Each structure stands twice: as C-alpha cells, then as structure tokens.
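Below is one structure; the comments refer to it alone.
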Amino acid sequence: MFTLSCARKRRFLKEFDLHIVPDVKKISIEALQKYASNLRTHIINAVKKNGGHLASNLGVVEIVLAMHRVFDAKNDKFIFDVGHQCYVHKMLTGRAEAFADLRKSGGISGFPNPLESPCDAFVTGHSGTSVSLACGYLRARRAEETAYRVVVLIGDGAMTGGMIHEALYDLRGIEGKAIIIINDNGRPYGGQESGFSAYLDDIRKGLIKKPFEEYGLAYLGPVDGHDLNALTKAFLQAESEEQSVIIHAITTKGKGMPEAENEPEKYHGLPRPGASATPDTELLEGAFCASCGVPTDANGAVQNRVVGSAAFKTFSQIAGEAVCECAQKDLRVAAVTAAMRDGTGFADFAARFSDRFFDVGICEDHAVTMSAALSRQGLIPYVAVYSSFLQRAFDSIVHDVGIMSNNVRFLIDRAGLVPEDGETHQGIFDVGFLSLIPEMTVLSPKDGGELRTMIEWSLKYKGPLAIRYPKAKTCDTSLNAFNSAFNGLSQCSEFMVGNYDFAPHGSNDAVKRAFHDKNIHFKGAAVKKDVYAADGVGYSEVADYLQRSDRLSDGQGGVFEGILNPSSRNPSRKNFVSYNANDGLKRGVCDFAVKNAVNYPDFLRMRSFGRENAPYAVVVSGAVMLSESLKAAEICQRTYGFETEIFYAAALKPFDRAGLSGLADKKHIFVIEDNAPSGGLGSEVSAFFAEYAKSPPVHRFAVESGYPARGTRSELLRTERLDATSLAARMSAIVKKL
C-alpha cells in the first residue's frame with residue numbers, strides 16, 4: 001500500500017532520530033520512558049511535515065506503549081476511538097518509516113486500517129464505535145472458540161455519543177471481558193463540557209465512590225496516563241478481573257509540546273506545510289470570481305492574490321458569519337453543532353449568542369432530533385455539521401425532521417471530496433441520502449457570496465433545508481451584490497419551495513390534448529394569460545404547457561401566471577406558477593409554486609456560464625466542480641476545438657427541471673459532480689431525459705471509486721478523473737465519436 005526507497009527510509013529515520021523499534025516487552029521502564037520522548041519528537045516532526053492529528057497523539061504515548069508492553073498487538077484486538085490516536089501504535093507495528101507519507105496519496109492513513117497491517121483490528125475514523133466493536137469481537141470469540149483479548153482506547157470526547165453508552169450496558173451480558181481505557185485529558189474536541197465530562201470530573205474529585213457501577217463494569221483509576229509503571233500495573237490488574245473493566249487514565253493533551261499543551265484545540269490537528277492555518281486550504285477559482293469583483297485572468301485564475309485577503313474566506317467562515325448576521329436580526333435563530341464549533345466556523349456565534357448556541361458533543365442524531373423540537377417551538381435552528389458525520393443522523397432526519405416538515409436548516413460542511421483524511425471523511429453521500437427525503441430541499445452554492453444569500457434567504461423558508469459546501473476557500477462578496485436574487489422576498493411573510501413531480505414530456509399537441517381532457521381553460525390578451533387548472537392537474541403540467549405551447553415565441557415577451565386548483569387547496573392561499581418568455585424560452589425557465597405569489601428566486605434556477613448556443617452542455621453542481629468545469633471548457637475550446645455551455649445547478653432538490661428542458665436540443669449533455677453517482681445530479685438529469693422520445697445522450701462524471709483514499713484535493717480529483725484536464729479529455733473522447 002505504501003512503499004519507500006531504502007535511501008528515503010534511511011533519510012527519514014535519520015532525520016527523525018527514530019531507530020529500530022525496541023522490544024517494549026523486554027526493555028526496562030526507564031528505557032521505555034526515554035523511548036517515549038523519541039516517539040513524541042517523531043510525531044511532532046512527521047505532522048509538521050505532512051499535517052495530521054498532533055495533540056491527541058502526544059497525549060497517549062505512554063498509554064499505547066503500556067498496551068504493547070502488556071498485550072499482544074498481533075493477536076489481540078486493539079481498537080482506537082477516535083482512530084486518530086493510533087500514531088504510536090503504527091510506529092510500534094513496523095510503520096515508522098511510512099510516516100514520511102502520512103495522509104498522502106498512496107501513503108499511510110491517519111487512522112487504523114487493516115489493509116496496512118493485521119495489527120489494526122478495524123477502520124475507525126468516526127467516533128463512538130469502539131465498544132460496539134468490542135461487543136462483537138467478544139461474541140465472535142466465544143462462537144469461534146478462539147483466544148484473543150479485546151482492548152479499547154477511547155478518548156473522552158467520544159464518550160459523548162449515545163452509541164457508546166448502549167454498548168457499555170450490553171457488555172455486562174456478554175461472556176468474557178473487554179478492557180476499556182478512557183483517555184481523559186479534560187479537553188474533549190470542540191471544548192464541549194457534556195454531562196459525561198462532568199461525570200469524569202466528579203470522579204477525579206472523588207465525588208463518585210463507585211464509578212461505572214451502573215453499567216455493571218469494574219473500575220480502575222484514576223491512573224496517571226503518563227506513568228508507565230502505574231499504567232502497566234493497571235493493565236495487569238485488569239487482566240485478573242472477571243468482568244469488563246474501565247481503566248480511567250488522566251492525560252495531558254499535547255504532552256511534550258508546550259504550544260500544544262497550552263492550546264490543545266489549535267494543535268488538535270495541523271494542516272500540511274504550505275497550507276493556510278485554517279483547515280480549509282485550497283482556493284477555488286473560475287469565471288465566477290470576476291463576477292464577484294475579484295480580478296482574474298482569461299483562464300479564471302485570480303490575479304494579485306494576497307494571502308489572508310478579506311476577498312477570500314473559507315466556506316465555513318462565511319457560513320458562521322452569515323448565521324451570526326441572521327441571529328442579530330432575528331432572535332429565533334439558534335445554532336447547533338456536534339463538537340465541531342470551530343471546524344464549522346461557529347466559534348464567533350458561540351461567543352456572541354451563547355444562549356442560542358448548543359454543542360451536544362459527538363452525537364449528531366441527538367443534535368438533529370433536538371433541533372426538530374426547537375423548530376416546533378418557533379426557533380430557527382441551523383445545524384452545522386460535516387457531511388461524513390451527518391450520515392450518523394439519517395434516521396433522525398427522516399423521522400424527526402422530514403415527516404413533520406420541521407424548519408431545520410442543515411449547513412453541511414466538507415461536502416464532496418475531502419483532502420487528506422481519507423475514506424472515513426469523504427462527503428460524497430449526502431446528496432443521495434438527503435434527496436430520498438420527500439420534504440427536503442438541497443442547495444449547493446457556487447461561491448461564498450451565494451452561500452451568504454442562501455442563508456439569508458433561508459430565514460423565510462418553510463420546511464427542512466440543506467445547504468452543502470466544500471472544504472475550501474472561495475471569493476467572499478457582500479449580500480448587496482445579490483439583492484436582485486431576492487425578487488422581493490424581504491417583503492414576503494411566508495415562503496416555500498415545493499417538491500413537485502414533473503409529468504412526462506411529449507409534443508405540443510400531446511400536451512394540449514392532455515390539458516383539454518382535464519378542462520383547462522385559457523383566456524386573456526396576447527401579452528398576459530391566466531391559466532385555470534382543474535383538480536388533478538399538477539403545477540408542472542401547466543408549466544410545461546406554457547413552455548411548449550406553439551402560441552408562444554421567443555419574441556413574444558409574455559408573462560404568464562396561473563392560479564392552480566383553487567377549489568381543492570386552502571381557500572385562503574393562492575398557488576401560482578409563472579413563466580416569463582423574456583427570461584429565456586431556450587432555457588424554459590419557470591417558477592415553482594410559492595405562497596403569496598413570490599417568484600422562485602433567481603439564484604436557485606439553473607444558470608448558464610457563457611458560450612450560449614454551444615452544441616454541448618455541461619450540467620454541474622458543487623463549487624469545486626464548477627471551478628474545474630470552467631477550466632475544462634477553456635481546454636475543450638483551445639485544445640480540442642469544440643465549445644460547451646456550462647449550466648450550474650444551485651438547487652439539487654427540487655431540481656429546476658424546467659430549465660433542464662431547454663437543453664433537449666444539445667448534441668450531448670455532460671453531468672459533473674463530486675459525489676457518489678447514485679441519487680445525485682446525474683441520476684436526476686438522466687431520469688428527466690429518459691421521459692423524452694428523443695433526447696441527447698447524458699454522460700455522468702462522478703466519484704466512481706466508492707471510498708476515495710488520501711490525497712490533496714487536486715490528487716483526489718485526478719484519481720477520480722474529475723480535474724479540468726481529465727474532464728476535457730473525457731468529453732473530447734465522446735465528442736470525437738460523433
């Protein structure tokens with residue numbers, strides 16, 4: 001999986017002064033304590049070179065050394081939770097030299113991985129899984145009549161998840177025992193002082209006489225987590241216990257590095273060299289930068305770039321700022337995170353609006369269900385969460401948000417391909433599972449200014465809403481640049497976007513016959529017509545008629561508004577669908593149903609980026625893929641001699657199918673997205689054109705590898721053939737076959 005030349009290994013080991021790994025079972029405690037210092041130096045230097053999790057690994061050096069001294073890493077099951085505490089374990093199991101490529105493409109993972117070594121029992125990149133795994137291994141051991149010990153190292157932050165506590169209760173009913181070491185550094189990630197943090201604090205103070213008695217578990221501690229003698233004795237004593245046992249180890253996060261000890265949050269993880277001090281490192285560039293007022297060259301590359309310039313911010317920063325602006329204006333706004341206050345950009349919100357900020361610890365399902373209750377009482381909760389972590393809350397989204405259409409807003413950070421953390425942290429599944437939920441609206445901003453607009457607009461939205469954005473920097477613009485997108489929304493007391501199915505498309509005659517059969521009547525002058533639809537006629541059918549009627553022409557300039565099914569709906573509410581021929585008959589733009597006759601906002605429609613009337617169309621979602629698609633279009637024109645018109649889909653659900661219908665005359669349609677192919681944009685576009693008797697071929701470019709591994713974003717894009725050069729070559733190969 002990772003190979004280094006002998007010369008590079010020698011250079012690496014010499015540079016980090018880490019020689020042959022000693023037999024930790026045989027050397028003296030004093031020698032082992034000195035070796036711990038070498039290990040810390042190795043961790044610090046490796047992370048400084050490649051980025052990675054620093055403070056957490058510095059804090060567990062002695063614990064892991066003691067685990068290897070007492071137990072057998074080759075035969076016993078070592079489970080790390082969260083898995084980023086595994087660096088010392090990897091060094092002790094023959095992978096010290098591989099840290100030269102830590103978290104790099106083709107290099108060693110920052111998490112346990114059985115593909116790297118049989119000493120890694122399980123992939124553990126998310127938290128809260130360890131004790132459940134222990135229960136499984138214990139039951140399997142009894143069934144298989146095999147002999148191995150199950151040893152769990154779990155961080156105090158991971159103990160905030162409910163899954164851990166269910167598994168702890170389950171342990172007492174299992175024959176055999178697990179040895180569970182709690183790494184209590186008093187600094188759970190995110191700084192969340194949860195109920196369990198208070199429980200551990202009470203144990204340290206001696207206020208709880210029989211810790212974990214309610215779980216039916218034995219307890220040893222507190223133990224000094226940096227004292228190898230004390231740890232070794234505790235582990236040996238745990239061996240003699242008849243039931244599963246908790247060993248409570250007190251550690252210092254960032255041990256051995258003063259900066260990390262003083263600021264463990266800041267040094268929890270470091271970016272790779274040359275990256276910004278923030279976790280988001282790469283700036284997205286493209287034609288949209290110029291539209292935001294940032295100078296670009298002909299290829300869309302930013303000119304006169306200034307590091308740290310106010311023109312460029314991470315999507316996370318912009319999201320946090322935008323919600324703060326909303327909270328300043330509306331006392332109902334609340335923010336909810338799951339131990340990711342800083343990572344999601346909400347540290348400022350927590351400081352300014354502490355009474356409306358709720359960090360529930362590493363327990364996303366609890367965050368979502370609690371937010372559903374907040375919304376039922378009139379609050380407007382914004383749940384800020386990483387895409388890969390939101391997966392844990394799927395049932396809560398369906399059961400507690402979707403069914404009652406509760407007004408919960410999900411700000412989904414790290415969507416799409418995520419650099420360096422590998423398989424466990426890729427945000428490539430959220431579009432698919434969120435789109436399954438009937439009441440959900442899913443949006444994807446193209447840049448920072450549009451993210452601000454969407455968040456501001458969401459204040460007036462009714463129903464569940466998700467806004468997804470990548471781990472990247474972007475152009476940041478003020479809301480003033482987007483005032484035209486609101487179309488009077490600020491004066492609207494109530495607003496909603498509907499999720500409506502579109503009827504199959506046919507010829508104009510077929511559509512008119514279907515409408516006539518349903519007694520649809522048309523009246524009015526040539527410029528403006530009203531449409532009265534009988535019961536059973538959908539919004540989309542009327543929209544299709546208005547787009548396809550042979551009585552309309554590009555130059556007519558008519559504005560059409562229809563009152564649909566007035567008798568069968570709430571009589572106090574009028575539902576409208578409108579179509580403006582001046583807005584582009586070619587694109588077939590139409591408005592979805594809205595309350596109070598407010599138009600569907602422009603920024604949620606599919607928009608074109610230049611090269612109008614090009615024979616080939618690119619439909620793209622996600623800020624990263626728009627950036628790559630714009631660059632790919634330049635390559636297609638300069639190198640391969642054909643032009644593509646790029647359409648950006650800011651609304652993934654409900655999708656602007658009316659806009660999509662205007663692409664039916666294209667020779668080919670290329671759909672580009674940085675998420676899994678199932679249930680994404682490509683599925684939507686393919687399903688739409690499957691309804692046509694004649695339609696252009698649809699080619700879907702998405703993340704096909706299943707679980708992308710480590711690498712920079714550029715490397716991941718190249719691996720998935722989604723970078724600009726690969727996209728242009730793939731499109732050219734298809735065009736040449738015509």
Side-chain angles (χ1 to χ4, degrees), residues 1-2 39 42-43 46-47 49-61 63-64 67-68 73 77-134 137 151-155 157-158 161 163-164 181 183 188-189 253 268-272 279 339-340 343 362 386-389 391-392 414 417-429 471 705-712 715-716:
M1 186 172 184
F2 43 86
L39 289 171
H42 184 40
I43 292 169
V47 173
K49 279 185 171 291
N50 299 315
H53 291 91
L54 182 60
S56 51
N57 281 290
L58 293 176
V60 298
V61 172
I63 292 177
V64 178
M67 287 169 59
H68 279 259
K77 305 299 181 184
F78 282 14
I79 306 170
F80 294 85
D81 187 356
V82 178
H84 61 232
Q85 300 179 105
C86 69
Y87 288 13
V88 174
H89 167 73
K90 290 195 173 193
M91 295 176 196
L92 297 177
T93 51
R95 288 169 280 178
E97 74 279 3
F99 274 74
D101 286 330
L102 173 67
R103 289 158 45 95
K104 290 183 179 179
S105 177
I108 196 171
S109 169
F111 300 97
N113 191 333
L115 294 177
E116 290 179 4
S117 169
C119 296
D120 293 0
F122 212 89
V123 173
T124 49
H126 293 182
S127 72
T129 62
S130 57
V131 183
S132 295
L133 291 171
Y137 281 122
V151 184
V152 172
L153 174 58
I154 181 168
M163 183 174 170
I164 282 281
I181 308 151
N183 168 29
Y189 186 68
K253 192 169 185 177
H268 174 80
L270 293 184
R272 55 187 168 78
M340 289 292 163
I362 306 177
Y386 290 5
S387 173
S388 63
F389 298 159
Q391 296 161 186
R392 294 193 284 238
R414 273 67 168 173
L417 290 168
V418 179
E420 297 163 345
D421 279 331
E423 301 90 334
T424 57
H425 283 60
Q426 299 298 343
I428 60 174
F429 301 110
K471 178 182 181 181
S705 65
Y707 299 96
R710 295 158 301 288
T712 65
E715 290 169 335
L716 292 173

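Here the structure is a predicted model, which is why all the values come from computation and not from measurement.
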Given K49 and L102, is the side-chain contact (heavy atoms from CB on, under 4.5 Å) satisfied, shown in steps?
-> CA-CA 9 Å; K49 279 185 171 291; L102 173 67; over 6 Å; no

Check whether any side-chain heavy atom of N50 lies under 4.5 Å from a side-chain heavy atom of D101, and answer yes or no.
-> no

Is there side-chain contact between Q85 and V64, with heavy atoms separated by less than 4.5 Å?
-> no

Mind jotting down which residue pairs meet the salt bridge (Lys or Arg N to Asp or Glu O under 4.0 Å) criterion with at least one end in residues 77-89? Sequence neighbours excluded, please.
-> none

Below 4.5 Å, heavy atoms only, C-beta onward: do E423 and N113 meet side chain to side chain?
-> yes

Residues passing the salt bridge (charged side-chain N to carboxylate O under 4.0 Å, His left out) test with K90, sequence neighbours excluded, are E116

Mind checking side-chain hydrogen bond (donor to acceptor under 3.5 Å, both in side chains) for T129 and listing every partner two or more places apart, or none if nothing turns up?
-> none

Ring pair (Phe, Tyr, Trp, His ring centres under 6.0 Å) filter on F389, not counting sequence neighbours, yields H126, Y386, H425

Checking V151, L92, V88 against M67 for side chain to side chain contact (heavy atoms under 4.5 Å, CB included), the one that qualifies is V151

Main-chain N/O of I79 paired to S130 side chain as donor or acceptor, under 3.5 Å = no

Answer yes or no: does atom OH of Y137 have more than 12 heavy-atom neighbours from other residues, nucleotides or ligands under 6.0 Å?
-> yes

Partners meeting side chain to side chain contact (heavy atoms under 4.5 Å, CB included) with V418 (sequence neighbours left out) = R414, Q426, K471

Among pairs that include at least one residue of residues 119-131, which meet salt bridge (Lys or Arg N to Asp or Glu O under 4.0 Å), considering only residues two or more places apart or in two chains?
-> R95-D120

When Y87 is tested against each of L39, L58, V47 for side chain to side chain contact (heavy atoms under 4.5 Å, CB included), which residue passes?
-> V47

